[in-house]
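Model, not experiment: these values are computed from the prediction. For the numbers below, each heavy atom of this structure counts, side chains included, while hydrogens, waters and symmetry mates do not.
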Amino acid sequence: MLITGGASGIGLGLTERFIREGNAVIICGRRESVLKEAAARFPSVITRVCDLSREEERIELYSWVANNHPDLNVLVNNAGIQNWMNISDNDFYERADEEIAVNIAAPIHLTNLFVNLQSLEVVMNVTSGLAFVPLSKVPVYCATKAFLRSFTLSLRHLLKPRGIEVIEIIPPALNTDLGGKGIHDGHPAVREFVESIFEQLKEGKLELTFGTSESRARTNNEGIAEYFNRLNP
């Protein structure tokens with residue numbers, strides 16, 4: 001499997017747990033030093049430096065996987081960035097553009113590429129509880145996660161005839177460095193979250209929630225399920 005952003009935060013938690021389950025795991029990220037730290041902790045992990053904000057590097061990543069690991073059967077679109085900012089900030093657009101590239105363009109593009117692998121069986125997209133109720137201090141991040149949530153619902157419907165399972169991982173705020181060091185120190189540990197979603201995976205669930213994200217996802221589903229089914233028979 002390939003886990004984007006698999007060397008830190010939620011991605012590292014997933015990497016550790018999937019390796020423990022006996023999976024062969026590839027992780028990618030833009031910071032080589034962080035990838036090396038992950039490889040030192042988990043010698044079996046395969047690493048690849050890749051800046052997912054750049055289209056050409058996403059294509060290179062897919063070509064490398066297709067040529068060297070053509071039996072890859074799980075794609076985990078986990079990589080994401082979160083910028084705390086205000087619309088009046090001088091660099092607002094530049095930072096928003098980066099968020100959109102990593103949080104939206106990358107998972108769309110990678111999914112489009114990796115469905116060409118005959119071995120692909122599962123796509124996992126990591127969204128957020130903020131996809132349902134935004135935090136205005138991270139306005140673009142929340143919007144990107146709302147987009148990815150909507151895209152995941154459609155993708156599940158589109159790939160069902162091909163037998164490719166689409167799973168959404170919906171974390172609440174966790175104790176990671178997302179958005180900056182110290183911002184999320186008071187929130188639950190990644191390990192607790194990962195253990196919970198693996199139990200849900202074993203139950204065959206397609207939406208994996210934890211803590212406050214469970215009620216937000218449930219309320220959303222109750223509100224749209226009937227209409228989604230009408231639009232997408």
Undergrad: Hey, is the main chain of L206 close enough, under 3.5 Å, to the side chain of R156 for a donor-acceptor pair?
TA: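 Yes; judged by distance alone, with no hydrogens or angles, the pair exists.
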Undergrad: Would a hydrophobic clustering, with Ile, Leu, Val, Met, Phe, Trp and Tyr connected at side-chain separations under 4.5 Å, put V166 with M124?
TA: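 Different clusters: V166 never reaches M124 through Ile, Leu, Val, Met, Phe, Trp or Tyr contacts under 4.5 Å.
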Undergrad: So that I can tick it off, tell me whether E207 and R149 are bridged by a salt bridge, with the cut-off set at under 4.0 angstrom between side-chain N and carboxylate O.
TA: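 Result for this pair is yes, salt bridge flagged.
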Undergrad: Salt bridge or not between R30 and E57? Use side-chain N to carboxylate O under 4.0 Å.
TA: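 No.
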Undergrad: Does the S213 side chain pair with the main chain of I170, one donor and one acceptor, at a distance under 3.5 Å?
TA: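 Checked: pair present.
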Undergrad: Which atom pairs, one a donor and one an acceptor, fall under 3.5 Å between side chains of residues 40-51 and the rest of the protein, sequence neighbours left out?
TA:
unit_1, atom_1, unit_2, atom_2, d
D51, OD1, S53, N, 3.0
D51, OD1, S53, OG, 2.7
D51, OD2, S53, OG, 3.4

Undergrad: Give the minimum heavy-atom separation between L35 and G29, together with the two atoms involved.
TA: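 Scanning both residues, the minimum pair turns out to be CD1-O, 3.7 Å.
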Undergrad: Could you tell me whether E195 and R20 make a salt bridge, using a distance below 4.0 angstrom between a side-chain N and a carboxylate O?
TA: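 Salt bridge: yes.
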Undergrad: Between the main-chain N or O of T212 and the side-chain N or O of S215, is there a donor-acceptor pair closer than 3.5 Å?
TA: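 Checked: pair present.
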Undergrad: Without swapping roles, check the side chain of N103 against the backbone of I81 for a donor-acceptor pair under 3.5 Å.
TA: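 Present.
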Undergrad: Going through the checks in order, is the side-chain hydrogen bond (donor to acceptor under 3.5 Å, both in side chains) test met by S119 and N73?
TA: CA-CA 5 Å; S119 56; N73 63 344; over 6 Å; no
Undergrad: Between the side chains of E16 and R191, is the shortest nitrogen-to-carboxylate-oxygen separation below 4.0 Å, so that they form an ion pair?
TA: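 Yes, this pair counts.
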Undergrad: Has the side chain of T15 got a donor or acceptor atom that lies under 3.5 Å from a matching backbone atom of G6?
TA: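 Side chain of T15 to backbone of G6, a donor-acceptor pair under 3.5 Å: yes, one is there.
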Undergrad: Can you give me the closest heavy-atom contact between L52 and R58, atom names plus distance?
TA: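 So the two residues come closest at O-NH1, 2.7 Å.
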Undergrad: Which atom names give the shortest non-hydrogen contact between L117 and P70, and what distance separates them?
TA: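 For L117 versus P70, the nearest heavy atoms are CD2-O, 4.4 Å.
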Undergrad: Just checking, R17 and F198: is the charged tip under 6.0 Å from the six-membered ring centre and within 45° of the axis?
TA: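 Ring-cation test returns yes.
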Undergrad: Could you state whether L148 and V138 fall into the same hydrophobic cluster, counting links through intermediate Ile, Leu, Val, Met, Phe, Trp or Tyr residues with side-chain heavy atoms under 4.5 angstrom apart?
TA: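 In one cluster: no.
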Undergrad: For S63, is there any backbone N or O sitting under 3.5 Å from a side-chain donor or acceptor partner on N67?
TA: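 Indeed, once roles are kept as given, a pair shorter than 3.5 Å links the two residues.
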Undergrad: Identify, with sequence neighbours excluded, every residue that meets side-chain contact (heavy atoms from CB on, under 4.5 Å) alongside A24.
TA: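 Result, side-chain contact (heavy atoms from CB on, under 4.5 Å) vs A24: none returned.
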Undergrad: K205 and L208: which non-hydrogen atoms are nearest, and at how many Å?
TA: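 Minimum heavy-atom contact is O-CD2, 3.6 Å.
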Undergrad: When hydrophobic residues are tied together by side-chain contacts of less than 4.5 Å, even through go-betweens, does L201 share a cluster with L120?
TA: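 Cluster IDs for L201 and L120 differ.
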Undergrad: Remaining members of F228's ILVMFWY cluster at a side-chain heavy-atom cut-off under 4.5 Å?
TA: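 L153, I224, listed by chain and number.
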Undergrad: For residues L135 and W84, report the shortest heavy-atom separation together with the two atoms involved.
TA: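 Scanning both residues, the minimum pair turns out to be CD2-CH2, 3.9 Å.
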Undergrad: Any side-chain to backbone donor/acceptor pair from N68 onto W64? Under 3.5 Å, distance only.
TA: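 Judged by distance alone, yes, a pair lies under 3.5 Å.
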Undergrad: Salt bridge or not for E99 and R95, using N-O below 4.0 Å?
TA: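 R95 and E99: not salt-bridged.
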Undergrad: Is it true that V25 and L14 fall in one hydrophobic cluster, defined by side-chain heavy atoms closer than 4.5 Å?
TA: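 In one cluster with V25: L14, yes.
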Undergrad: Does the T4 side chain pair with the main chain of N78, one donor and one acceptor, at a distance under 3.5 Å?
TA: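 Such a contact is found between T4 side chain and N78 backbone.
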